[in-house]
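Worth saying up front: this structure is predicted, and the values here are computed from it rather than measured. Position 1 is the first residue of the sequence; numbering continues from there.
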Amino acid sequence: MNTVGHLINGQMVTEADRLQDVYNPATGAASKQVALASKETVEEAIAAAQAAFPAWRNTPAIKRARVMFRFKELLEQNADRICEMIGEEHGKISHDAGGELQRGIENVEYACGIPELLKGEHSKNVGPSIDSWSEFQPLGVVAGITPFNFPAMVPMWMFPLAIACGNTFILKPSERDPSSTMYIAQLLQEAGLPDGVMNVVNGDKVAVDTLLTDERIKAVSFVGSTPIAEYIYSTANANGKRCQALGGAKNHAIVMPDADMDNAVNQLVGAAFGSSGERCMALSVAVAVGDEAADALVAKMTEAMKTLKVGVYSESSNDFGPVITRQHQQKVVGYINSAETDGARIVVDGRAPEVEGYAEGFFVGATLIDGVTTEMQSYQEEIFGPVLQVVRVNSMEEAMKMIDDHEYGNGTCIFTRDGEAARYFSDNIQVGMVGINVPLPVPVAYHSFGGWKRSLFGDLHAYGPDGVRFYTKRKTITQRWPSSGVREGVSFAFPS
Ligand code: NAD
């Protein structure tokens, strides 16, 4: 069985002490193994990144950008292979993997503009013969820790920009689907990146804790579940590191009585069940305003869901694939059971889907639950599966209060034809990313991505302009070149 190792100082390193199985979630069978790095292996990667930093930091930004241009080309040339790898280990259908990869590539395109992005600020004559400017310097060795659900895109939220800014990088990808991430890192190496600038260590808590406590790591970007995000943020901060930790979500869509219901249903189907609901921006709760809207929504959703196909990644007519592990499949089914026990109505039941030829796969079918209330566990917690819950309310104010009261604040959306209502909603809702008739308002690469409340710990959002600020520190230099012959006396007053 093949083993996915680590990329350290430009070399593939294998480690046999601790190995973990990697599954094909469609067949339910282990297809390869991943090495779990020891503390010593992670320290080796940190040492390589630290050694590579001085030369990389001093490489002109335009030359760093050229590596990113070549990297983008290699990603495009090898897109099919990357999507295949994502499908084999994550389970998402090829068209969905292609969308994820494209979003990742857009972050590389943004990083190609680094000479422009790193331009500083300059003020002439802030005092007699005194000029002042601010520049943005790289931090040093920075680390990224990423989740299973976007093995290509989420790492590319981080390392292209961090490296383009002049940092060196250590990535700790998800141990559940490591192959596409590793292949992408090898393509970056092939694009001409000097050894040690980009390192990948596979692993678990041992690797993560080493990154969080080693003083040579200057900043940590994390994306994953909220309990781990909170742990990462507090541990990184306690160890003096800059940190941005993006966590879980429960994204609500308000369906107003005046919404174009057919459009809303089409959008909701894709946003709730696409990628088996394993997206941090998946719409998992539809908040219908008024019973008439709720009845129409449930009826049309039920109809639309009849043609949905769950199955293997390589069959492009499938709409979505399995969930990531057997354990997660059982967890998702457990949430559906709990909603039923708590008195909600299972309108479309995906607990036992039949997928011909893949009886052992980790499949959950699309599920629609009506009559959900805010006290239910299935409402309060992130399910991360193909489950859409409908909550009925009487007014938009009630819907907004419900969203604001939820612990998560990643994404949300409103379906309406009323511009005034949409404007009020986007202005006041306590959520970081808002859609108006747009179900998955994932910001493009030249904006930044981040939720509010317990969906993000830290101040700066991921990628885009915030990413440049996160991966650099400002230095402000004040310089005087007095004209010859001018001498000033001693002054004890504060300079003004
Ligand atoms: P996860 O939190 O289990 O794992 C994320 C990373 O943390 C992995 O690399 C994992 O190895 C590591 N990790 C796990 N347990 C750890 C521990 N005890 N100590 C140290 N490190 C640990 O998340 P996941 O299941 O891989 O991904 C799904 C979650 O990620 C969902 O909650 C989803 O909402 C969230 N997510 C959020 C965003 C966002 O932008 N907000 C994007 C994608 C995914």
With R18, which residues qualify under salt bridge (charged side-chain N to carboxylate O under 4.0 Å, His left out), at least two apart?
-> D204
Are side-chain N/O atoms of K32 and S179 paired as donor and acceptor at under 3.5 Å?
-> yes
Are E230 and R454 close enough for a salt bridge, meaning some N to O gap below 4.0 Å?
-> yes
Apply salt bridge (Lys or Arg N to Asp or Glu O under 4.0 Å) to the pair D319 and K309, showing each step before the final yes or no.
-> CA-CA 5 Å; D319 296 303; K309 272 181 72 186; over 6 Å; no
Just how far is it from atom CE of M198 to atom CG of N9, taken to the nearest 0.5 Å?
-> 13.5 Å
Establish, for the pair R176 and Y23, whether the NZ or CZ atom is under 6.0 angstrom from the six-membered ring centre and no further than 45 degrees off its axis.
-> no
Could you tell me whether the side chains of S31 and N24 share a donor-acceptor contact shorter than 3.5 Å?
-> no
Please answer whether the main-chain N or O of F136 pairs with a side-chain N or O of T472 as donor and acceptor at a distance below 3.5 Å.
-> no
For the residue pair T41 and S38, confirm or rule out a side-chain donor-acceptor distance under 3.5 Å.
-> yes
F449 and W157 aromatic ring geometry - parallel, tilted or perpendicular at 30°/60° bounds = tilted
Is the H328 to F362 ring centre distance short of 6.0 Å?
-> no
Quick one: do the E73 and Q77 side chains pair a donor with an acceptor below 3.5 Å?
-> no
Heavy-atom donor-acceptor pair, N410 side chain to M433 backbone, under 3.5 Å | no
Audit row: E109, K72, salt bridge (Lys or Arg N to Asp or Glu O under 4.0 Å) steps and yes/no | CA-CA 7 Å; E109 289 169 344; K72 166 187 152 64; 2.7 Å; yes
Residues that A111 engages under side chain to side chain contact (heavy atoms under 4.5 Å, CB included), provided they are two or more places apart | M68, P160, L161, A164
Take atom CG of D459 as the centre, draw a 6.0 Å sphere, and report whether it contains more than 12 heavy atoms from other residues, nucleotides or ligands.
-> no
Please determine which of V285, D404, N251, I403 meets the side-chain contact (heavy atoms from CB on, under 4.5 Å) test together with T412.
-> I403
With sequence neighbours excluded, what pairs up with P178 under the side chain to side chain contact (heavy atoms under 4.5 Å, CB included) test?
-> V4, V22, V34, E89, N202
Apply the side-chain hydrogen bond (donor to acceptor under 3.5 Å, both in side chains) test between H6 and each candidate in E15, E44, Q11, K172; give the one that qualifies.
-> E15
Residues Q327 and T325: side-chain donor-acceptor under 3.5 angstrom = no
Audit row: E278, I324, side chain to side chain contact (heavy atoms under 4.5 Å, CB included) steps and yes/no = CA-CA 9 Å; E278 290 176 324; I324 187 71; 3.8 Å; yes
Ignoring hydrogens and angles, state whether a donor on the side chain of D209 or Y231 is under 3.5 Å from an acceptor on the partner side chain.
-> yes
Examine distances only and state if a side-chain atom of S180 and a backbone atom of M85 form a donor-acceptor pair shorter than 3.5 Å.
-> no
Say whether, by atom type as modelled, one donor and one acceptor occur between the side chain of T307 and the main chain of A304 under 3.5 angstrom.
-> yes
Hey, are E215 and K241 close enough for a salt bridge, meaning a charged N less than 4.0 Å from a carboxylate O?
-> no
Does R351 pair with E340 as a salt bridge, N-O distance under 4.0 Å?
-> yes
Check: R279 side chain, A272 main-chain N or O, donor-acceptor pair, under 3.5 Å = no
Is a donor on one side and an acceptor on the other found under 3.5 Å between the side chain of S455 and the backbone of G248?
-> yes
Mind running ring pair (Phe, Tyr, Trp, His ring centres under 6.0 Å) on Y379 and H406 for me, showing each step along the way?
-> CA-CA 9 Å; Y379 171 79; H406 203 283; 5.2 Å; yes
